[in-house]
Amino acid sequence: MMVEKILEDLIDEQLKPIVKKIDAEGFYSREFLVALGKLGFFSSKGFSEKEIVLREIKLVEGIAKVCMTTAFNVWCHLAALTFVRNCDNSYIKNEVLPLLENGERLGGTGLSNAMKYYAGLESLHLKATRLEGGYILSGQLPSVSNLGPDHCFGIIASVHKDQRIMALVPCHSEGLKRKEQQEYLALNGSATFSCLFEDVFIPNEWIIAKHADDYVQKIRSTFVLYQISLGLGVTEASIQCIQKAGNKPGGCNEYLNVQPDELIAELEMLRDQTLALVDDSDSITQWRRVLKARLDMVHLTSKAVHESMLHQGGTAYLQHSDPSRRLRESYFLANLTPTVKHLGKMLKV
């Protein structure tokens, strides 16, 4: 309870006052992310793997209730932490991990293209050439989020047809060119960049896995589970918005097809399913169940934000109202890799 109170106070003091600035002006809430690290919300010390995942699922959900842009940035950082925590590279574990966990360094994930590659949807955009002491990377990633001058992010690159590597890339790497993307319907405050790699040298110290195909199977369920939390938070906030609207105006809301009790029951069931997935030790069945829960979450979130718009009525139709912001956020969730189409394809294979 003490930890929850600390998070609640931090959100009240440092996040709620800038939500509209994040949404309307594309402001990046770096200071809030750093504060989470300083207060120990990214720390794994003294926790089991299960405890880490459970507390971080709840962390993302709690922040997404207020601002999904910032929760998405937290997800990016947690994805990077997942890559690092599970690797065997002693330099990354001893030198980089502590900085990521205490907020001194923030992380992102450039695995959208790679996840589509493994689903048979795209070819890999990055190529790696082996050199003494490391690899040279070339290619382009169209969008990588939660980036800044002192950040780093995970990538997967093809060495040859039988080998792909996974690496951490510092944003200050020579030959890496970033161009910020701020023309989105929502989440323009997510510090999202296109990244051009022009012979970027990555030393062995920054290689997460020399055989990325196997490594991805080990970590993929965890960082997709964290995505489900984005929807849990937005759905919870939408239900609260519907409840706040009550039966106004003039008793008309009772005639809408979907009422809050229905959404609450669906949300509770999906939250329980998500938390239960942390205990699933069968990596193959767990992966399919995670994908199914992720798809169900998109549909429930879309339903909840739509109903919130209807229950709130005219006040929701203002450009930067909370219901309209969550409506736009829900479309981002539907198009976040793995997208709705991507999920449907994987579940039918």
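- For the pair M115/H342, a side-chain contact is recorded, criterion being any heavy-atom separation below 4.5 Å from C-beta on.
- Within a 6.0 Å sphere centred on NZ of K177, other residues, nucleotides and ligands contribute 12 heavy atoms or fewer.
- H160 contributes a side-chain N or O that, together with a main-chain N or O of D162, makes up a donor-acceptor pair within less than 3.5 Å.
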Only distances under 3.5 Å count here; give the side-chain donor-acceptor pairs of residues 261-268 to other protein atoms, sequence neighbours excluded, each with its distance to 0.1 Å.
residue : atom : partner : partner atom : Å
E262    : OE2  : K303    : NZ           : 2.5
E266    : OE1  : K303    : NZ           : 3.4
E266    : OE2  : K303    : NZ           : 2.8

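- In this structure, S238 contributes its side chain and V234 its backbone to a donor-acceptor pair below 3.5 Å.
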Item to check | side chain to side chain donor-acceptor pair (under 3.5 Å) assessment of Q181 paired with S143 | outcome: CA-CA 8 Å; Q181 309 285 3; S143 60; over 6 Å; no

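- In terms of modelled atom types and a separation under 3.5 Å, the side chain of E329 and the main chain of M68 share a donor-acceptor contact.
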Checklist entry - Stepwise, does the side chain to side chain donor-acceptor pair (under 3.5 Å) test hold for T235 with T301? => result CA-CA 5 Å; T235 300; T301 303; 3.0 Å; yes

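- A distance of 10.0 Å separates CD1 of I165 from CD1 of I208, quoted to the nearest 0.5 Å.
- Taking the side chain as every heavy atom from C-beta outward, M346 and L343 approach each other to under 4.5 Å.
- Counting only distance, with no hydrogens or angles, the side chain of S330 and the backbone of S302 share no donor-acceptor pair below 3.5 Å.
- A distance of 11.5 Å separates OG in S112 from CD1 in I156, rounded to the nearest 0.5 Å.
- Annotation for N257: atom CG does not count as buried by contact number, only 12 or fewer foreign heavy atoms lying within 6.0 Å.
- Relative orientation of the F197 and F153 rings is perpendicular, given thresholds of 30° and 60° on the angle between their planes.
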Under 3.5 Å, sequence neighbours excluded: what are the donor-acceptor pairs made by side chains of residues 97-107?
residue : atom : partner : partner atom : Å
E101    : OE1  : S44     : N            : 3.2
E101    : OE1  : S44     : OG           : 3.3
E101    : OE2  : S44     : N            : 3.4
E101    : OE2  : S44     : OG           : 2.7
E101    : OE2  : R85     : NE           : 3.0
E101    : OE2  : R85     : NH2          : 3.3
N102    : OD1  : E104    : N            : 2.8
N102    : ND2  : P98     : O            : 3.1
N102    : ND2  : E104    : OE2          : 2.9
R105    : NE   : D150    : O            : 3.2

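- Counting heavy atoms from C-beta on, the side chains of T192 and L187 never come closer than 4.5 Å.
- Taking hydrophobic clusters as Ile, Leu, Val, Met, Phe, Trp and Tyr residues chained together by side-chain heavy-atom distances below 4.5 Å, L333 shares a cluster with L347.
- Formation of a donor-acceptor pair under 3.5 Å by the T70 side chain with backbone atoms of C67 is not found in this model.
- Paired with I22 under the rule side-chain contact (heavy atoms from CB on, under 4.5 Å), one option of F27, Y28, F32 passes, and it is F27.
- The two residues V66 and K16 come nearest to each other via the heavy atoms CG1-CG, 3.7 Å.
- V96 places a side-chain heavy atom less than 4.5 Å from the side chain of W206.
- We find the OH-OG1 distance between Y135 and T129 to be 10.5 Å, quoted to the nearest 0.5 Å.
- Annotation: E254, atom CD; neighbour count of heavy atoms from other residues, nucleotides and ligands within 6.0 Å is above 12.
- Expressed to the nearest 0.5 Å, how far NE2 of H151 lies from CG of L168 amounts to 13.5 Å.
- Hydrophobic clustering (side-chain heavy atoms under 4.5 Å, transitive across Ile, Leu, Val, Met, Phe, Trp, Tyr) keeps L225 apart from M269.
- Looking only at side-chain heavy atoms (C-beta outward), S324 and Q319 stay at 4.5 Å or farther from each other.
- When the shell of 6.0 Å around CD of Q240 is examined, it contains more than 12 heavy atoms from other residues, nucleotides or ligands.
- With rounding to the nearest 0.5 angstrom, the CG atom of L295 is 11.0 Å from the CE atom of M297.
- The 12-atom threshold is not exceeded at OH of Y331, counting heavy atoms of other residues, nucleotides or ligands nearer than 6.0 Å.
- Checked by atom type and distance alone, the side chain of N113 pairs as donor or acceptor with a backbone atom of S123 at under 3.5 Å.
- Taking the side chain as every heavy atom from C-beta outward, L59 and I63 approach each other to under 4.5 Å.
- Both L141 and V159 are assigned to one and the same hydrophobic cluster, defined by single-linkage of ILVMFWY side chains at heavy-atom distances under 4.5 Å.
- The line from NZ of K38 to CD of E31 is 9.5 Å long, rounded to the nearest 0.5 Å.
- Checked by atom type and distance alone, the side chain of Q182 pairs as donor or acceptor with a backbone atom of G26 at under 3.5 Å.
- Ionic pairing of D322 and R325 is present here: one or more N-O contacts between side-chain nitrogen and carboxylate oxygen are shorter than 4.0 angstrom.
- Nearest heavy-atom pair across G148 and R178 is C-NH2, 3.9 Å.
- Nearest approach of C87 to Y215, heavy atoms of both residues: N-OH, 2.9 Å.
- A donor-acceptor contact shorter than 3.5 Å is absent between the side chain of E56 and the backbone of Y226.
- The closest donor-acceptor contact from the side chain of W75 to the backbone of F223 lies under 3.5 Å.
- Between D213 and the choices R164, R220, K218, the salt bridge (Lys or Arg N to Asp or Glu O under 4.0 Å) rule is met once, by R164.
- The minimum heavy-atom distance between I136 and D199, with the atom names listed, is CG2-CA, 3.5 Å.
- Residues L137 and A157 share a closest heavy-atom pair of CD2-CB, 3.9 Å.
- Side-chain atoms of K292 and D296, non-hydrogen and from C-beta on, do get closer than 4.5 Å to each other.
- Nearest heavy atoms, L33 versus F42: O-CE1, 3.6 Å.
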Next on the checklist: Between W287 and V224, does the side-chain contact (heavy atoms from CB on, under 4.5 Å) criterion hold? Intermediate values first, please.
Outcome noted: CA-CA 9 Å; W287 178 232; V224 174; 3.9 Å; yes

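- In this structure, Q227 contributes its side chain and T337 its backbone to a donor-acceptor pair below 3.5 Å.
- The side-chain heavy atoms of H125 and P142, taken from C-beta on, include a pair separated by under 4.5 Å.
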